[in-house]
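Throughout, a chain's letter reflects where its sequence line sits, starting with A, and its residues are numbered from 1. Computed from heavy atoms alone, side chains included, the values below leave out hydrogens, waters and symmetry copies.
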Protein chains: 2
Amino acid sequence: MSYYKHHIFFCLNQRDKGEACCAQHDAQAAFDRCKSRIKAAGLAGPGGVRVNKAGCLDRCAGGPVAVVYPEAVWYTFVDQQDIDEIVEEHLKEGRVVERLRLAPEVGR
Amino acid sequence: MSYYKHHIFFCLNQRDKGEACCAQHDAQAAFDRCKSRIKAAGLAGPGGVRVNKAGCLDRCAGGPVAVVYPEAVWYTFVDQQDIDEIVEEHLKEGRVVERLRLAPEVGR
């Protein structure tokens, strides 16, 4: 069994010189929103959900991105509503949010 | 199928005021070693291995720690030899290194 039921990693990578990066797209705000919602729901911790900072996940072309393990589901998102939907549907109920899935071919 | 066959996250968290953290235990050197070995082996990238920086994974009592997804295998390590064994056995061959597994009860 996985130590965390869902372990979500947000790319918070910040690049120099104007290169594309998730940090340009309010990734920090998305991370903060997700973390506070999970905490408020009492789901944080072992056997529950861990909302984690990560460095570059190397799928920058679809940024901002996050990945949920162990199920290996990748998301791209635009605003807080998207994050709330990932929290409510996926992290609470285990239902993948198909409309926010990152296309398989999206890479760096 | 998972975008990366093995996605390993190293906690590189740095705490203030002398609190225990993975950064105190040369986590950066372990990350660098792992990343360069995977690159040298030609295994980096989609369908292969991604060696990723992460924030606190919240299992600090066993630090330094890393986790490999999607298989959700957690490791603790001491030196470069341990990292090399994780690379050679797990990330190249898919064989879990039992002697380096983090005990299930280890938390923050």
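- A single hydrophobic cluster is not seen to contain both F9(A) and V49(A); linkage of ILVMFWY side chains at heavy-atom distances under 4.5 Å, directly or through other members, places them apart.
- Of the inter-residue distances, the one linking Y3(A) atom OH with L57(B) atom CG reads 10.5 Å to the nearest 0.5 angstrom.
- Under a hydrophobic clustering in which Ile, Leu, Val, Met, Phe, Trp and Tyr are joined whenever their side-chain heavy atoms come within less than 4.5 Å, directly or via other members, L102(A) and I83(A) fall into different clusters.
- With a 4.5 Å cut-off on non-hydrogen atoms, V106(A) touches chain B through its backbone but not through its side chain.
- Counted within 6.0 Å of NZ on K92(B), heavy atoms from surrounding residues, nucleotides or ligands total more than 12; the atom is thus considered enclosed.
- Of the listed residues (P104(A), P70(A), A72(A), A54(A)), the one with the most heavy-atom contacts under 4.5 Å to chain B is P70(A).
- Looking at C11(A), neither its backbone nor its side chain comes within 4.5 Å of chain B, counting heavy atoms on both sides.
- Atom NZ of K35(B) is surrounded by more than 12 heavy atoms from other residues, nucleotides or ligands within 6.0 Å.
- When all heavy atoms of D58(B) and Y4(A) are compared, the pair lying nearest together is CB-OH, 3.4 Å.
- A continuous path of ILVMFWY side-chain contacts below 4.5 Å connects F10(A) to V68(A), so both sit in one hydrophobic cluster.
- Note on ring orientation: taking the six-membered ring where Trp is involved, the planes of H7(A) and Y69(B) are perpendicular (angle over 60°, cut-offs 30° and 60°).
- Counting heavy atoms of neighbouring residues, nucleotides and ligands inside a 6.0 Å radius, atom CD of Q81(A) does not exceed 12 of them.
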Checking side chain to side chain contact (heavy atoms under 4.5 Å, CB included) for the pair R50(A)/C56(B): CA distance, chi angles, key distance, verdict?
CA-CA 10 Å; R50(A) 173 74 184 166; C56(B) 180; 3.8 Å; yes

